[in-house]
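Reviewing the structure listed below.
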Amino acid sequence: MTTATHPRNVPGLTGTFVRLKLSLLRNGLRQSAGRRAAYLASVVVTLLGAALLLLGLLALRGSTHAATVTVLALAVLAVGWAVMPLFFPSGDETLDATRLVMLPLRPRPLVRALLVASLVGIGPLFTLCLAAGSAVAVGRGVAGLLTGIVAVPLALVLCVALARAVASANIRLLTSRKGRDLAVLSGLLIAVGAQVVNFGAQRLSTPGGLSKLDPAAEILRWIPPSASIGAVDSMSRGSYGTGLAQLALCGAALALVVGFWGRSLTRLMTSPDGSTLQAAEPSRNRGRAHGLSRLLPAGRTGTVMERSLRYVWRDPKTKAAWVTSLAIGLIVPLFNALQGTGSVYFACFASGMLGILMYNQFGQDTSAFWMVAMTISSPRDAYVELRARALALTLLTLPYAAFVVVVTTAVLGDWGRLAEVLGLSFALLGAMLSTGAWASARFPYSIPQEGYKNVAPGQAGLAWISIFGGMVGAALLCAPVIALSIWLHVRGARDALWVLLPVGACYGYGITVAGLRLAAPRVAGRLPEILAAVSRG
């Protein structure tokens, strides 16, 4: 006869999940010394950053703009909590609730256990330091202190619950191929965010810059979790009704987020996924297969162009490189122009960023390059292959580079240099295509399909030589057009600067063709070496 276990002797679900979280962390660190070193380094950097942030917030105490800075800082942190699970789903194994589907767990206890377990980690510690420092910076008197005791944990729990709710609602996407595409595009978010932060910091460094944030802070102090810090500030100033209303908003928001999270978990753990549904559905894309082909040249050129364009749309690494280059190529000249410190010549940065995409053309094929290699039996075949890839790239980069030049010129109002900068931009793009074709043949390297690395281990030197060596070569190739521009400026012949447009366009075309013809024999003669290099990852 079996003896039933008394309910009080059954280990609690919350404690079990906390121990599970600690076990996952401990076992992950045991996998390799490199992982331990990376984790310890991240802990040190986070703790150092949290300490400096806490000191900075304490220094704000008594400042006129303390409430504005703290409210905005907590709002930015909350956005980070909501967005990061979408881009880094593999950073925490416990984010994937589908691993718990087969366990007899009810949603409410599961939500409570997952929420408590989520408070264990570096992110919650950093958030706690920020929230506590913000409360101390704006809190004054007994009312402010008591409100801060409630507001700080409320803000922390709300941020963590928000991240969990977003992850649970999108876990099917995050574990699919589209989710991996989204994770790869996280580099674009970081790059664009860095430019936005840089632009904002420069604007705020001007006299009275922080006062420009007051209107935004007045709105955000009513939006959770920033409303928790707004409540501390309101209570400190004697606005007890306002403070209580802001705390009530945070409590209501937490209840809504937790409720949404619970419903998402219920749906996730009870509804069928793609593995249990019939996969034999009629393709919605039928009929689109030949739509792109009709717009491209016939023969090998059109086939290679279509393949390259499909890589841009379907391959995660290629898509990420394109989107990043397109975004940064516009952001850098445009932001500098908006700050009033830029030059119209910064528009050539777009051609440089887009021209880099020509480098390591065969690396994006990975091991599938052997099918391409089977069709190359002569330098003529290699030339047609390279030319088609360059045409596919030019089809997108040429109009975009011109667009960036026109937009930058319009912002600066320097229309007299439009033709000159267009010519320089076209010449630079041609030089990048030329050196990119040669570097693809001489220094190919593999691009791993999984993870966030863009170079296979042991091939970083090849990547550096290929890209930076090619960029130096492109700068040298552009020297004649640049010299012509300088000479016309020195002579004061501003009315003749328009000649740089046709000269730059023709020079860019000629140097591209020359680079393709020089690279073609090397490709045809090094097919085994190229195949071995690009298949390594």
Side-chain angles (χ1 to χ4, degrees), residues 191-192 194-203 322-359 393-394 396-436 467-512 515:
V192 174
Q195 292 295 328
V196 172
V197 170
N198 179 46
F199 176 71
Q202 293 184 6
R203 302 285 290 183
W322 269 92
V323 174
T324 303
S325 296
L326 291 172
I328 301 303
L330 175 63
I331 288 174
V332 170
L334 183 60
F335 275 28
N336 280 278
L338 290 173
Q339 294 177 42
T341 59
S343 169
V344 70
Y345 296 105
F346 279 19
C348 295
F349 187 80
S351 292
M353 287 294 300
L354 297 172
I356 293 177
L357 298 172
M358 185 63 186
Y359 291 74
L393 193 145
T394 307
L396 301 175
T397 58
L398 192 65
Y400 190 81
F403 168 76
V404 172
V405 172
V406 173
V407 170
T408 306
T409 304
V411 172
L412 293 174
D414 195 0
W415 292 104
R417 301 181 187 270
L418 176 62
E420 175 192 2
V421 178
L422 278 174
L424 291 172
S425 182
F426 293 157
L428 176 59
L429 181 59
M432 295 291 287
L433 294 176
S434 177
T435 56
I467 296 176
F468 287 97
M471 292 173 65
V472 172
L476 295 176
L477 289 176
C478 287
V481 181
I482 297 175
L484 176 61
S485 174
I486 295 174
W487 182 75
L488 290 175
H489 278 283
V490 171
R491 294 289 301 272
R494 294 184 58 88
D495 294 338
L497 288 174
W498 64 268
V499 77
L500 285 169
L501 176 56
V503 169
C506 293
Y507 184 82
Y509 171 77
I511 203 67
T512 299

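Throughout, numbering of the chain's residues begins at 1 and tracks the sequence.
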Donor-acceptor pairs under 3.5 Å, side chain of residues 493-507 to any protein atom, not counting sequence neighbours: which ones?
residue : atom : partner : partner atom : Å
W498    : NE1  : D495    : O            : 3.3
Y507    : OH   : L477    : O            : 2.4

**Message:** If you apply the rule side-chain contact (heavy atoms from CB on, under 4.5 Å), what do you find for W322 with L393, and how did you get there?
**Reply:** CA-CA 10 Å; W322 269 92; L393 193 145; 4.0 Å; yes
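- Expressed to the nearest 0.5 Å, how far OG1 of T394 lies from CG of L398 amounts to 6.5 Å.
- Considering only heavy atoms from C-beta on, I331 stays 4.5 Å or farther from F349 through its side chain.
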Validation: residues 415-429 side-chain donor-acceptor distances under 3.5 Å, sequence neighbours left out:
residue : atom : partner : partner atom : Å
R417    : NE   : D414    : OD2          : 2.9
R417    : NH1  : Y345    : OH           : 2.9
E420    : OE1  : Y345    : OH           : 3.3
E420    : OE1  : H489    : NE2          : 3.3
E420    : OE2  : Y345    : OH           : 2.9
E420    : OE2  : S485    : OG           : 2.6
E420    : OE2  : H489    : NE2          : 3.0
S425    : OG   : S351    : OG           : 2.4

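- The ring-ring contact (aromatic ring centres under 6.0 Å, His included) search around Y509 returns none, not counting sequence neighbours.
- Nearest heavy atom pair, residue V404 against residue P333, reads CG1-CG, 3.8 Å.
- The two atoms that bring M432 and A474 nearest to each other are SD-CB, 3.5 Å, heavy atoms only.
- Considering only heavy atoms from C-beta on, M471 comes within 4.5 Å of I356 through its side chain.
- Nearest approach of G508 to I511, heavy atoms of both residues: O-CG2, 3.3 Å.
- For the pair A347 and T408, the tightest heavy-atom approach, listed with the atom from each and the gap, is CB-OG1, 3.9 Å.
- What you find for G470 and T435 is that their closest heavy atoms are O-OG1, 3.4 Å.
- Counting heavy atoms from C-beta outward, L330 and L326 have side chains that stay 4.5 Å or more apart.
- Note: S325 OG to L396 CG = 11.5 Å, rounded to the nearest 0.5 Å.
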